[in-house]
Amino acid sequence: APIELKFSHVVAENTPKGQMALKFKELVDQRLPGKVEVKVYPNSQLYGDGKELEALLLGDVELISPSLSKFKKYTKKLQVFDLPFLFQDMAAVERFQASSAGQELLSSLESKGLVGLGYLHNGMKQLSANEPLYTPADAKGKKFRIMSSDVLAAQFEAVDAVPLKKPFSEVFTLLQTRAIDGQENTWSNIYSKKFFEVQASITESNHGVLDYLIVTSAEFWHELPDDIRSELKAALDEAVAHGNQIAAQKAEKDKANIMASNRSEIISLSPEQRQQWVEAMKPVWQQFESEIGKNIIDAAVAANQ
Amino acid sequence: MTTFTLFILLFVCMIIGMPIAIALGFASMTTILLFSNDSLASVALKLFEATSEHYTLLAIPFFILSSAFLSTGGVARRLINFAMDSVGHIRGGLAMASVLACMLFAAVSGSSPATVAAIGSIVIAGMVRSGYPESLAAGVIANAGTLGILIPPSIVMLVYAAATEVSASRMFMAGFIPGIMMGTILMIAIYIVARVKNLPAQAYPGCKKWAISALKATGGLMLIVIVLGSIYGGVASPTEAASVAAIYAFLVSVYGYRDIGPIKHQAWQNEGENIGSAVARNLMLFPVSIFKSVSDPEVRQVLKDAAKVSIMLLFIIANAMLFAHVLTTERIPHMIAESIVAYGLQPWAFLVVVNILLLIAGNFMEPSAILLIMAPILFPIATQLGIDPIHLGIIMVVNMEIGMLTPPVGLNLFVTAGITGKSMGWVIKACLPWLSLLLFFLILITYIPQISLFLPEYFDRLNGY
Amino acid sequence: MKFVAWFRRFEENFIALLLVTMTLLVFVEVIMRFVFNAGIHWVQEVTLYCSAWLVLLGASWGVREGAHIGVDAFVKVLPPNQRKWLTLIALSLCLFYCCLFMYGSWVYLSKLARIGIEMEDLPIEKWKTMSVLFIGFVLLVIRFLEVGWKVLTNQQDGFHLADEAKESMQLADELKKQ
Ligand code: NA
Ligand code: NA
């Protein structure tokens with residue numbers, strides 16, 4: 001019987017991640033017919049956001065792609081991706097991920113029984129709020145929704161804003177009712193979750209990156225025959241490249257759609273304004289330097305060239 | 001085969017009297033063992049996920065707690081007095097006031113039998129004393145009591161929101177107009193009956209008396225403002241509003257009305273006491289009332305009752321999520337939806353089927369359990385047919401209301417029989433004419449989606465989208 | 001026997017405490033946000049875990065308190081002897097359900113303990129706070145065995161399911177007295 005490989009994710013099939021999963025299945029069907037069978041479960045059909053990592057460790061799914069911040073209890077090193085204003089653009093993110101430091105991060109999860117197989121992009125994060133944000137002073141005292149991450153909490157505390165941890169599913173209602181003032185997210189998420197309809201302004205800050213990590217369990221991965229493992233890895237790399245391409249196009253398209261909707265004002269920062277944000281938030285790097293490792297942060301900075 | 005096993009197991013387990021929660025869990029677990037590769041560990045993980053990752057569901061214990069505090073106190077009595085002074089002077093006014101009182105109580109409580117019990121136990125006797133036929137009194141109350149789950153807040157709507165992931169706030173908004181409409185239909189019918197049968201009217205109480213009873217009812221009415229205001233006014237999510245409601249209900253019944261708890265029946269102002277010392281004494285009583293509540297038997301009983309109902313519901317929901325998990329991984333709703341669409345069933349015909357199915361189920365089972373089993377199946381079909389999920393939700397809730405009035409399992413029938421001391425047959429007969437109004441109302445709700453959708457869509461437009 | 005009595009009191013108090021804690025935590029979070037413009041980052045996780053404890057510990061407590069609902073219309077019309085045996089069958093299915101969950105949660109919890117994952121917002125190992133999954137089903141097994149013994153020895157004739165109508169009636173009676 002073929003080896004069964006369940007790929008579970010929490011988003012719809014027409015998203016970059018969903019497309020990447022389908023591409024992976026297609027490639028495996030072509031290259032390893034009868035040897036490996038990939039089954040894709042989209043839309044949290046098998047497990048939700050909070051439990052998919054544990055399900056992977058229990059051996060009930062073989063492949064998942066949670067966002068990088070979900071790994072904070074597994075390794076502190078991946079927090080590097082949450083640091084504000086570390087990467088200039090997605091090209092820099094890609095250079096870092098492809099570098100030796102970036103590839104070493106993939107294996108930082110081995111001791112917890114996980115193997116990182118590759119990074120999948122969502123995009124650069126923007127800041128949205130119910131009032132325009134030009135300088136860090138505008139964010140002062142405002143309540144921002146964050147994912148559960150110490151770095152992101154520190155990032156908003158650095159500009160005297162109030163970080164509030166809220167589940168993604170409640171964000172729209174909370175923004176709509178103004179129970180919270182703002183949030184940070186990629187163009188794709190702001191568009192698909194309709195946040196732009198309930199936020200007066202979006203500042204094109206590109207202040208951070210929101211990426212996914214594709215992981216499998218060490219137990220499963222190392223027990224695979226060598227030839228199959230390398231073939232799977234090659235198929236995955238190709239699928240990821242495909243997914244990243246779609247993600248980049250989608251980010252552009254969603255940004256254009258948001259602009260066309262005229263629902264919220266899009267603010268581009270002048271170099272001086274942006275510099276103010278950088279200066280206000282950069283101290284966060286030092287704060288987490290010991291947890292992440294100076295060499296990793298340096299390698300990330302170097303990727304900006 | 002999988003589907004067959006799943007449903008047969010569930011059916012057999014329920015018939016032999018297993019608790020519904022365990023019947024659901026057992027059927028799902030066994031089906032997974034027999035037909036899937038999932039490990040038992042992952043099923044355990046799934047159950048823990050169901051109990052610990054649904055923030056919206058927390059509103060259920062909170063609303064149950066607030067409802068428990070309000071049901072024990074004299075809130076119901078004050079709401080009745082207020083309703084009486086408002087519409088009692090119209091012909092048939094006592095019956096109309098009873099309906100109004102049920103509507104008001106429904107707006108602070110999330111459950112239907114509680115509404116019948118709290119209002120019915122007082123007003124049925126009152127109506128009989130004033131010369132109303134007892135069957136009319138009982139029939140009106142049993143029907144109006146069902147509004148408990150249609151007028152927000154509603155436990156049944158929260159369960160629907162949890163099962164389908166539609167927004168609980170939107171469901172609450174959608175229930176508002178239908179609830180008022182059903183109440184009004186009942187009142188108009190009463191007025192017509194009162195004209196025909198020449199039923200009595202109360203004396204007009206006068207503005208002053210009305211104002212006093214309104215003031216006295218404020219403690220209870222404020223809860224409506226807190227719940228609706230915080231959800232629509234953009235202060236809090238339903239879960240958060242529910243916790244505020246629970247704390248408020250505790251304060252109002254223990255400190256405000258002093259119907260239960262450590263400072264029970266202590267007056268706000270004793271006879272001959274001057275304002276200054278009354279203020280000082282009441283300020284002192286505040287911390288006393290709170291700290292002594294910890295060991296107060298009445299307060300503890302309320303907590304215990306609320307915990308019992310919450311645990312029962314949440315345990316059913318957790319196991320029903322396992323059930324839904326088996327359904328979705330086997331793609332059962334998906335297949336049913338596809339075959340229905342392929343068969344060319346029209347939305348209106350589908351809604352007929354839904355109503356008949358739910359009315360039958362409502363004869364045997366408790367509303368939350370029905371919703372949890374049926375919603376995951378009906379929801380994808382409705383989506384495919386272009387029926388708004390909120391509209392479907394309200395249709396399901398109205399069906400559940402009717403289910404409470406149909407034998408053999410009809411909670412409101414049992415409660416009404418208990419209050420009046422009459423036989424079930426007598427109660428069913430008394431409810432029948434009013435039940436036909438509810439059926440008529442169900443048709444309106446089913447085929448005029450705007451009744452349910454107007455308010456949520458209006459709020460959307462208000463916010464500019 | 002003294003321990004049993006003590007445990008029952010403890011169980012009841014603990015469950016009430018969980019419900020109160022949940023309510024207060026969410027309430028305090030709302031107040032913090034509106035009055036002090038601040039948030040407490042661990043509140044949400046702790047509230048959700050309280051809810052898990054409430055349900056999983058409460059399930060067995062609910063069996064004793066007759067909190068669970070079921071369909072007993074069919075069982076009730078049977079002659080006593082048949083009803084007794086049917087109830088015993090239902091009970092053994094319940095025990096089977098519990099044992100499967102006990103086994104599943106044991107495997108799950110020991111894996112978590114081996115990897116040593118902590119909770120999201122608190123520095124406590126997850127397997128400890130999730131142990132209620134196992135504990136809850138152990139308690140449920142004990143409770144069902146107790147019910148089984150009582151049914152076998154004719155001290156009890158069924159599950160002692162909840163009767164919401166009866167409870168609402170008690171409420172109505174109390175209101176009438178006032
Ligand atoms: Na209600
Ligand atoms: Na019924």
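Quick caveat: nothing in here was measured; it's all calculated off a predicted structure. Sequence lines set the chain letters: A, B, ... in the order given, protein chains first and strands last, and positions in each chain run from 1.
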Using non-hydrogen atoms and a limit below 4.5 Å, what part of residues 294-303 of chain B faces chain C? B:R300, B:L303

Shortest non-hydrogen contact from B:A241 to B:V227? CB-O, 4.4 Å

If we ignore hydrogens and angles and just use 3.5 Å, is the side chain of B:T146 paired with the main-chain N or O of B:A142 as donor and acceptor? no

C:F101 portion near chain B, given a 4.5 angstrom heavy-atom threshold: both

Nearest heavy-atom neighbours spanning C:K84 and C:N154: NZ-OD1, 3.3 Å

Does C:E45 reach the main-chain N or O of C:E120 with its side chain, forming a donor-acceptor pair under 3.5 Å? yes

For a quick test of reading the model, state the closest non-hydrogen atom pair linking B:A23 to B:M14 and the distance between them. CB-CG, 3.8 Å

Can you name the nearest heavy-atom pair linking B:I119 to B:A76, along with the distance? CD1-CB, 4.2 Å

What part of C:L93 is in contact with chain B, defined as an atom under 4.5 angstrom from a non-hydrogen atom: side chain, backbone, both or neither? both

C:E118 with C:K126: basic N within carboxylate O range, under 4.0 Å: no

Parallel, tilted or perpendicular, as decided by the 30° and 60° cut-offs, for the rings of B:F69 and B:F250: perpendicular

Those residues of residues 141-149 of chain C, ordered by number, that approach chain B below 4.5 Å (heavy atom to heavy atom): C:F144

Flag the pair C:L54 / C:M22 as yes when at least one side-chain heavy-atom distance between them is below 4.5 Å, and no otherwise. yes

So, C:T23 side chain and B:A246 main chain: donor-acceptor pair closer than 3.5 Å or not? no

Count the heavy-atom pairs under 4.5 Å between each of B:I316, B:N319, B:N412 and chain C, then report the option with the highest count. B:N319

Atom group of C:F96 that falls short of 4.5 Å from chain B, counting heavy atoms: side chain

Contacting moiety of C:V132, where chain B heavy atoms sit under 4.5 Å: side chain

Turns out that what part of C:L56 lies under 4.5 Å from chain B's heavy atoms comes down to side chain

Check: C:L57 and C:I135 side chains under 4.5 Å, non-hydrogen atoms: yes

With heavy-atom distances below 4.5 Å as the criterion, would you say the side chains of B:L33 and B:V43 are in contact? no

Checked B:L314, B:V244, B:L45 vs chain C; the most non-hydrogen pairs under 4.5 Å come from B:L45

Part of B:I317 within contact of chain C (heavy atom distance under 4.5 Å): neither

Toward chain C: residues of residues 24-32 of chain B with heavy atoms under 4.5 Å: B:G25, B:F26, B:M29

In terms of heavy-atom pairs under 4.5 Å with chain B, which of C:Y49, C:W53, C:W61 leads? C:W61

So that I know where these two stand, are C:F3 and C:W6 an aromatic pair - ring centroids less than 6.0 Å apart? yes

Does any backbone or side-chain atom of C:M102 lie under 4.5 Å from a heavy atom of chain B? Answer side chain, backbone, both or neither. neither

Looking at chain B, which one of C:L140, C:L109, C:L18, C:L100 has the largest number of heavy-atom pairs inside 4.5 Å, strictly under? C:L100

Donor-acceptor contacts, no H, no angles, side chain residues 53-68 of chain B, under 3.5 Å, sequence neighbours left out:
from	atom 1	to	atom 2	distance (Å)
B:E53	OE2	A:K51	NZ	3.2
B:S66	OG	B:F63	O	3.3
B:S67	OG	B:S109	OG	3.2

At a 4.5 Å cut-off on heavy atoms, which part of C:W106 comes close to chain B: side chain, backbone, both, or neither? neither

Between C:E11 and C:R8, does any NZ, NE, NH1 or NH2 come within less than 4.0 Å of an OD or OE carboxylate oxygen? no

Is any side-chain heavy atom of C:T21 closer than 4.5 Å to one of C:T47? no

